[in-house]
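Only heavy atoms go into these numbers, but all of them, side chains included; no hydrogens, no water, no symmetry mates. Labels below follow one simple rule: chain letters A, B, ... track the order of the sequence lines, proteins then strands, and each chain is numbered from 1. As the structure is a prediction and not an experimental result, all values here were calculated from the model.
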Number of protein chains: 2
Amino acid sequence: MAPPPHAPARRADAQRNIDAILDAAVESFARRPDTTLAEIAKAAGVGRVTLYGHFASRADLVDAAMARVLEQGDAVLGSLELDGDPAEVLERLITASWRLIHQSRSLLVAAQKELSSARIRDLHAGPAARAERLLARGQSEGVFRSDLPTSWLVATLHSVLHGAADEINAGRLKPEDAARTVSLTILAAFAAR
Amino acid sequence: MAPPPHAPARRADAQRNIDAILDAAVESFARRPDTTLAEIAKAAGVGRVTLYGHFASRADLVDAAMARVLEQGDAVLGSLELDGDPAEVLERLITASWRLIHQSRSLLVAAQKELSSARIRDLHAGPAARAERLLARGQSEGVFRSDLPTSWLVATLHSVLHGAADEINAGRLKPEDAARTVSLTILAAFAAR
DNA sequence: TTGAACTCAAACACCATTGTTTGAGTTATG
DNA sequence: CATAACTCAAACAATGGTGTTTGAGTTCAA
């Protein structure tokens with residue numbers, strides 16, 4: 001939602017509403033992937049017409065919400081120190097990113113319905129590349145196993161993180177145990193023999 | 001779809017159509033969790049009205065399709081020899097059940113939208129109990145790690161199997177490699193230190 | 001062979017959601 | 001303060017799916 005260069009400046013109240021809508025969208029989608037735009041507008045304290053004034057369609061809004069979440073996520077991951085023992089770094093990466101995934105996995109479901117898979121891949125490019133780089137380095141340093149492709153390790157990390165979110169929703173896993181549990185599982189699965 | 005006791009016998013053509021509808025439903029949902037009933041009827045070579053004649057609502061059909069798939073799955077799992085080294089048994093269980101999961105994971109998505117989570121849990125009870133028993137035995141025999149709850153191991157197995165299906169869909173994993181890849185990952189993750 | 005069970009296409013009512021229009025009111029900004 | 005930007009409720013059209021009814025035809029089963 002950065003203003004395009006040389007565009008007429010947006011008014012402050014409009015920008016505030018756009019932010020409120022995006023916040024509400026992220027929160028509403030987190031609860032239910034098939035939320036209606038009416039609900040989002042209401043949650044944002046804004047009329048439905050105003051929402052359509054800023055986002056031309058449902059897909060547009062999903063795209064913008066997704067972009068915002070992934071942008072924030074990438075910022076969090078970017079603040080991590082990626083040098084040092086890959087196993088330790090991975091543990092920190094899991095801890096840092098797990099809550100992010102927990103909060104936005106329903107948004108991903110909505111995105112899968114509304115956006116092309118190419119678009120979703122593009123939106124994920126930043127965070128995915130960070131994880132992939134770390135795992136590949138761990139493999140080349142002999143810390144992580146090399147009998148499985150790096151892409152599979154990325155996928156496994158992804159799956160287990162999402163699985164942890166499901167377990168919390170099912171009441172079988174305490175949120176404060178999640179990062180530790182995932183780490184114990186993933187580190188054992190990835191360790192070189 | 002077993003005829004209730006003392007009900008007037010169902011005619012053979014009706015039973016054939018019911019089977020065709022269920023087959024088509026399983027197959028259609030596998031492609032798209034939000035398939036329409038019209039598509040399913042068409043795929044079954046049957047009129048939409050006929051479908052409604054046998055299944056009162058969309059939820060009814062999803063429930064029946066889900067029950068059929070899980071019943072078949074439970075039968076497959078039931079034919080496995082569950083005694084012996086837990087690690088070897090787990091490997092066989094993964095191989096036996098993975099294609100099943102691959103084929104019906106979109107159906108599960110449909111079920112999550114249409115059925116209560118309690119109902120879904122009940123439908124899964126059979127297969128889930130088999131996996132849980134095996135994992136618990138492995139833990140008590142010291143073959144599998146005991147620093148994580150059995151329910152988490154079940155969840156992890158579930159997540160990774162579904163992740164493999166996603167990887168195949170994304171073209172990054174060859175179907176014939178799936179069972180082996182999942183086994184290598186899971187056995188490392190579950191092994192006692 | 002006869003009646004009940006079953007099938008079907010067509011047409012229907014229904015409902016929720018998306019996206020648009022209008023026209024009057026409000027608020028930021030120069 | 002004047003103007004353009006913005007907001008809003010209400011009402012609208014369009015869409016697409018669900019579930020029902022009808023009435024005529026077909027197929028099973030005794």
Side-chain angles (χ1 to χ4, degrees), chain A residues 1-4 6-25 28-29 31-65 106-107 109-115, chain B residues 1-4 6-25 28-29 31-65 106-107 109-115:
Chain A
M1 278 296 109
H6 296 295
R10 222 197 311 266
R11 249 173 56 174
D13 54 347
Q15 187 57 54
R16 231 175 314 144
N17 279 336
I18 289 174
D19 288 340
I21 290 169
L22 284 175
D23 285 346
S28 300
F29 279 123
R31 267 201 302 273
R32 213 156 43 86
D34 53 349
T35 326
T36 63
L37 299 193
E39 269 181 271
I40 294 173
K42 190 177 172 188
V46 139
R48 212 163 59 90
V49 180
T50 301
L51 191 156
Y52 275 103
H54 293 301
F55 303 95
S57 70
R58 166 175 256 265
D60 247 51
L61 179 57
V62 171
D63 192 298
S106 285
L107 176 58
V109 172
Q112 279 163 348
K113 187 180 236 146
E114 223 71 42
L115 273 35
Chain B
M1 277 296 109
H6 297 296
R10 215 189 326 257
R11 249 172 56 175
D13 54 347
Q15 186 58 53
R16 229 175 326 168
N17 280 336
I18 289 174
D19 288 340
I21 290 169
L22 284 176
D23 285 346
S28 300
F29 279 123
R31 268 201 301 274
R32 214 155 42 84
D34 53 350
T35 327
T36 63
L37 299 193
E39 269 182 271
I40 294 174
K42 189 178 173 188
V46 139
R48 213 163 58 90
V49 180
T50 302
L51 192 156
Y52 275 105
H54 294 301
F55 302 95
S57 70
R58 166 175 257 263
D60 247 49
L61 179 56
V62 171
D63 193 297
S106 284
L107 176 58
V109 172
Q112 280 163 347
K113 187 181 234 147
E114 223 71 41
L115 272 36

How would nucleotides 25-30 of chain C be written as a contact map, 5' to 3', with B for base contact, S for sugar-phosphate-only contact and - for no contact, using protein heavy atoms under 4.0 Å?
--BSS-
Any idea which heavy atoms bring [X] and [Y] closest together, and the distance?
| X | Y | result |
| --- | --- | --- |
| B:Leu61 | B:Ile21 | CD1-CG2, 4.0 Å |
| A:Ala110 | A:Phe29 | CB-CD2, 3.8 Å |
| B:Glu114 | B:Ala59 | CG-CA, 3.5 Å |

Examine [N]: is either OP1 or OP2 under 4.0 Å from a nitrogen or oxygen in the side chain of [X]? Give yes or no.
| X | N | answer |
| --- | --- | --- |
| A:His54 | D:dT7 | yes |
| B:Asn17 | C:dT7 | yes |
| B:Thr50 | C:dC8 | yes |

Let me know the distance between [atom1] of [X] and [atom2] of [N], rounded to the nearest Å.
| X | N | atom1 | atom2 | answer |
| --- | --- | --- | --- | --- |
| A:Leu61 | C:dT18 | CG | P | 10 Å |
| A:Arg58 | D:dA14 | CZ | P | 22 Å |
| B:Gln15 | C:dT7 | CD | P | 11 Å |
| A:Asp60 | C:dG19 | CG | P | 9 Å |
| B:Lys42 | D:dG17 | NZ | P | 13 Å |
| A:Asp34 | C:dT18 | CG | C1' | 14 Å |
| A:Leu37 | C:dT20 | CG | P | 11 Å |
| B:Leu51 | D:dG17 | CG | P | 15 Å |

How many angstroms lie between [atom1] in [X] and [atom2] in [Y], if you round to the nearest 0.5 Å?
| X | Y | atom1 | atom2 | value |
| --- | --- | --- | --- | --- |
| B:Leu37 | B:Phe55 | CG | CZ | 10.5 Å |
| B:Arg10 | B:His54 | CZ | NE2 | 7.5 Å |
| B:Arg16 | B:Asp19 | CZ | CG | 10.0 Å |
| A:Ile40 | A:Arg58 | CD1 | CZ | 6.5 Å |

Results of side-chain contact (heavy atoms from CB on, under 4.5 Å) for B:Ala20 - residues two or more places apart only
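side-chain contact (heavy atoms from CB on, under 4.5 Å) list for B:Ala20, sorted by chain: B:Ala44.
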A:Ser28 (side chain) donor-acceptor with A:Ala24 (main chain) under 3.5 angstrom:
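Answer holds: yes.
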Polar-atom pairs under 3.5 Å, protein N or O versus N or O of nucleotides 20-25 of chain D: list them with distances, or write none.
none

